[in-house]
Amino acid sequence: MCGIIGYTGPRKAAPILIEGLKRLEYRGYDSAGIGVGCDGALTICKKVGKIKDLREAVPDDLDGCYGIGHTRWATHGGVTDVNAHPHTDTTGNLAIAHNGIIENYLILKARLEAEGITFRTETDSEVIAHLIAQHYEGDLEAAVRKALPLLKGTYGIVCLHKGNPQLIIGARSGSPLVVGVGEDEMFLASDVTAVLAHTKQVVYLEDGEVVVLTEKDFHITDLNERKISKTIDEISWELEEIEKGDFKHYMVKEIYEQPEAIERACRGRLDPTQATARLGGLNLSPAQLLDVERIRIIAAGTSYYAGLVGSYLIEQLARIPCQAELASEVRYRNPIVERNTLHFAVSQSGETADTLYAMRELQRKGSCVLGICNVVGSTIARESNGGVYIHSGPEIAVASTKAFSSQVTAFYLFCLLMARKRHMSYETGEWFLQELTVIPEAVKAVLKTEPVIKKLAKKYAGYKDFLFLGRGINYPVALEGALKLKEIAYIHAEGYSAAEIKHGPIALINEETPSMFLVPDDRLREKVISNMKEVKARRGKLIAVVGEGDDEIREIADDVIEVPRVHTLFSPFVMVVPLQLFAYHCAVLLGRDVDQPRNLAKSVTVE
Ligand code: G6P
């Protein structure tokens, strides 16, 4: 969602801020703006649309070596130039940019209006500018400190004042901020991608912390002005990883990175001598792992579907009751926390508000919550009681692809570890490792079917409704396939268990509603074939994803996509890729904005 960038140093701020905002585009936004201070003046430029529209609106000769920038994803107030950030106080001396939601803004606004302040925007964020200005007596840091306790809700704030040259102040409560420590220059951003082109040295802010940046230095304190010393972390991502390279879109680049992503998630974690997996970050002793009686996985979006795959696998192989649930639902239903239940919070970004708040609620109730995250230093990664980094590398496209495969891999490793601690034999453990090790090659082989999938996309992109159907461990994959088509092609699609179609969705079937069936060679195959025939009898078009050389299905389906034959329990890895590519090519053919689909955000930091 919204992105923040701040800069102070010897260089011209405007191009650095705009480049930083460009890097934050992937988070999803509808307008953007910058505020730059120079020689006692403050210039604000803001624009609805893309960063290129903002770039055109910024004068080439805009000087000034300190400034702030923001990409806005509208929550309070329409998508207009005026509502875009930064927001200023009535004098125009001070500017702020804000991520998050100020829940008590209506009360604050009424009070400020009663005091004679005229509001110019419909946003909740504008109150912050006025509150800081009210407390400003020449010292911006002091003014911010006085304003912060008045705010209820979530915020990542960055601000500057024309009376305090080269000074940038940031504060965080529930919305991430990271300091980029450069050579004689400092950055502040909502995530590391915005600063990676300039520095790899970063310091993550915690909730309740205030940071003051000057050109050469920074210091962090808590709300009571106690100094906090922090370690500087080194970002492991490379700049090339956040660039498209030769690919047309980030999404297809990331689809192609999946074999490597699966390998990275496994690296250093396979233990062939014991036929098990090693996951040091879990922070649980062997005895604690043995005590686990139940597992609950919480997540949102694609991460939830990865968790569902994990739940099928864990129940089947580790024989531990395991449930995956939507984090947003868990949080508000007063979840029951039982002894010896292990929780996983799964999140690529590690910042999804629904997942984070549900995790906190479970922790408040005394449970141990492990994180499965991609972004190192993200809030869920830091606040969880341990976990597994999936090491996918940066995922920039809004629609998640490689993170799904890596999250699923993390569950496979965890499942092996738990199963081997219980009843799984050494030989079965060896078999499991063997199956897992061939997956990257199998996924590479699926990628080679892209021309076939592209052709199918041409044939089917014009349809308005789709069904995605799978069973068992591929039921979540069907859900993920439908989500991908909705997200980036804007085609209405429903994911169902193939068995369920007779309980409702079959009413939708006619020649206008194609169905994509996932048909691995497993014990449910005959039943799925019957479901396919039911669809065919009603003139529904059939596309099937099948194992190589499956002539029986070729006879029934209108079109087939063949994937390498792997054991059914490992089939989600190969089944999901054609669905990602199908959605991608439909979206391209329909002229969609593949990497930044309308209305969506990569990291959803509000509920
Ligand atoms: C948003 C994104 C999805 C993502 C979901 C969960 O909705 O658009 O692609 O799956 O959030 O994100 P997370 O970072 O928690 O995995």
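Note that the structure is predicted; figures quoted are calculated from it, not measured.
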Inset, instruction - Please step through side chain to side chain contact (heavy atoms under 4.5 Å, CB included) for the pair Thr409 and Phe573, ending with a clear verdict. - result: CA-CA 9 Å; Thr409 308; Phe573 288 109; 3.4 Å; yes
Legend entry - From CA spacing to verdict: side chain to side chain contact (heavy atoms under 4.5 Å, CB included), Leu542, Ile553: CA-CA 10 Å; Leu542 287 175; Ile553 303 286; over 6 Å; no
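Asp354 and Thr352 share no side-chain donor-acceptor pair at under 3.5 Å. Between the side chains of Thr449 and Glu562, no donor N or O sits under 3.5 Å from an acceptor N or O. Counting only N and O atoms by type, the side chains of Glu25 and Thr71 include no donor and acceptor under 3.5 Å apart.
Here the side chain of Thr341 pairs no donor or acceptor atom with the backbone of Val337 at under 3.5 angstrom. Formation of a donor-acceptor pair under 3.5 Å by the Asn283 side chain with backbone atoms of Asn385 is found in this model. Remark: the backbone N or O of Cys266 is not paired with any side-chain donor or acceptor of Tyr412 at under 3.5 angstrom. Between the side chain of Ser406 and the backbone N or O of Ala265, no donor-acceptor pair lies under 3.5 Å. Of the possible polar contacts, one joining the Tyr250 side chain to the Ile242 backbone as a donor-acceptor pair under 3.5 Å is found. Although no hydrogens or angles enter the test, the distance criterion places no donor-acceptor pair under 3.5 Å between the side chain of Asp595 and the main chain of Ala397. Judged by distance alone, the side chain of Glu240 and the main-chain N or O of Gly245 form no donor-acceptor pair under 3.5 Å.
Contacts classified as ring-ring contact (aromatic ring centres under 6.0 Å, His included) and involving residues 480-510 (residues at least two apart or in different chains) are not found. Contacts classified as salt bridge (charged side-chain N to carboxylate O under 4.0 Å, His left out) and involving residues 274-293 (residues at least two apart or in different chains) are given here: Asp271-Arg278. Listed by first then second residue, pairs satisfying salt bridge (charged side-chain N to carboxylate O under 4.0 Å, His left out) with a partner in residues 486-496 read Lys484-Glu487, not counting sequence neighbours. Each salt bridge (charged side-chain N to carboxylate O under 4.0 Å, His left out) pair with one or both residues in residues 413-438, not counting sequence neighbours, would appear here, but there are none. Here side-chain hydrogen bond (donor to acceptor under 3.5 Å, both in side chains) pairs that include residues 565-589, with residues two or more places apart or in two chains, are His249-Tyr584, Gln258-Gln580, Glu450-His585, Asn474-Ser571, Asp521-Arg565.
Take Lys454 and apply the salt bridge (charged side-chain N to carboxylate O under 4.0 Å, His left out) test, not counting sequence neighbours, and it matches no residue. Checked against salt bridge (charged side-chain N to carboxylate O under 4.0 Å, His left out), Lys253 has the following partners two or more places apart in sequence or in another chain: Glu257. Under the ring-ring contact (aromatic ring centres under 6.0 Å, His included) criterion, Phe247 pairs with Tyr256, sequence neighbours left out. Annotation: ring-ring contact (aromatic ring centres under 6.0 Å, His included) contacts of Phe411 (sequence neighbours excluded): Phe344. Applying the ring-ring contact (aromatic ring centres under 6.0 Å, His included) rule to Tyr304 yields no partners; only residues at least two apart in sequence or on another chain are considered. For Tyr312, the ring-ring contact (aromatic ring centres under 6.0 Å, His included) criterion is met by no residue, not counting sequence neighbours.
Using a cut-off of 4.0 Å between Lys/Arg side-chain N and Asp/Glu carboxylate O, Arg294 and Glu315 are scored as not salt-bridged. Residues Arg264 and Glu241 are paired through a salt bridge, judged by an N-O separation under 4.0 Å between the basic side chain and the carboxylate. A salt bridge between Glu238 and Lys200 is present, with a side-chain N of the basic residue lying under 4.0 Å from a carboxylate O of the acidic one. A salt bridge links Arg539 with Glu511: the distance from a Lys NZ or Arg NE/NH1/NH2 to an Asp or Glu carboxylate oxygen falls below 4.0 Å. Ion pair Asp191/Lys602 not flagged as a salt bridge, since none of the NZ, NE, NH1 or NH2 atoms sits closer than 4.0 Å to an Asp/Glu carboxylate oxygen. For the pair Glu395 and Lys402, the salt-bridge criterion is not met [side-chain N within less than 4.0 Å of a carboxylate O]. We find that Glu534 and Lys502 are not joined by a salt bridge, their nearest charged nitrogen and carboxylate oxygen being 4.0 Å or further apart.
Between Arg27 and Gly3, the shortest heavy-atom contact is NE-CA, 4.1 Å. Smallest separation of non-hydrogen atoms from Leu284 and Leu289: CD1-CD2, 3.8 Å. Closest heavy-atom contact between Phe466 and Ile543: CE2-CD1, 4.1 Å. Nearest heavy atoms, Thr355 versus Ala345: CG2-CB, 4.0 Å. Residues Ala461 and Ile491 share a closest heavy-atom pair of O-CD1, 3.7 Å. Considering all non-hydrogen atoms of both residues, Ile473 and Leu569 come closest at CD1-O, 3.7 Å.
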Acceptor/donor pairs from residues 370-383 side chains to any protein atom, 3.5 angstrom cut, sequence neighbours excluded:
from	atom 1	to	atom 2	distance (Å)
Asn374	OD1	Ser392	N	2.9
Asn374	ND2	Gln348	OE1	3.0
Asn374	ND2	Gly393	O	2.9
Ser378	OG	Val375	O	2.7
Thr379	OG1	Arg172	NH2	3.1
Thr379	OG1	Glu351	OE1	2.6
Thr379	OG1	Glu351	OE2	3.2
Arg382	NE	Gly377	O	2.6
Arg382	NH1	Glu206	OE1	2.8
Arg382	NH1	Glu206	OE2	2.7
Arg382	NH2	Gly377	O	3.3
Glu383	OE1	Arg360	NE	2.8
Glu383	OE1	Arg360	NH2	3.4
Glu383	OE2	Arg360	NH2	2.8

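Contact check for Lys455 versus Lys459: no side-chain heavy atoms found under the 4.5 Å cut-off. You'll find the side chain of Phe582 reaches within 4.5 Å of the side chain of Leu485, heavy atoms only. Leu579 is not listed as a side-chain neighbour of Glu480, based on a closest heavy-atom distance of 4.5 Å or more. Looking only at side-chain heavy atoms (C-beta outward), Tyr460 and Asp559 come within less than 4.5 Å of each other.
In the displayed structure, Arg267 atom CZ is contacted under 6.0 Å by more than 12 heavy atoms of other residues, nucleotides or ligands. More than 12 non-hydrogen atoms from other residues, nucleotides or ligands lie less than 6.0 angstrom from CD of Glu548.
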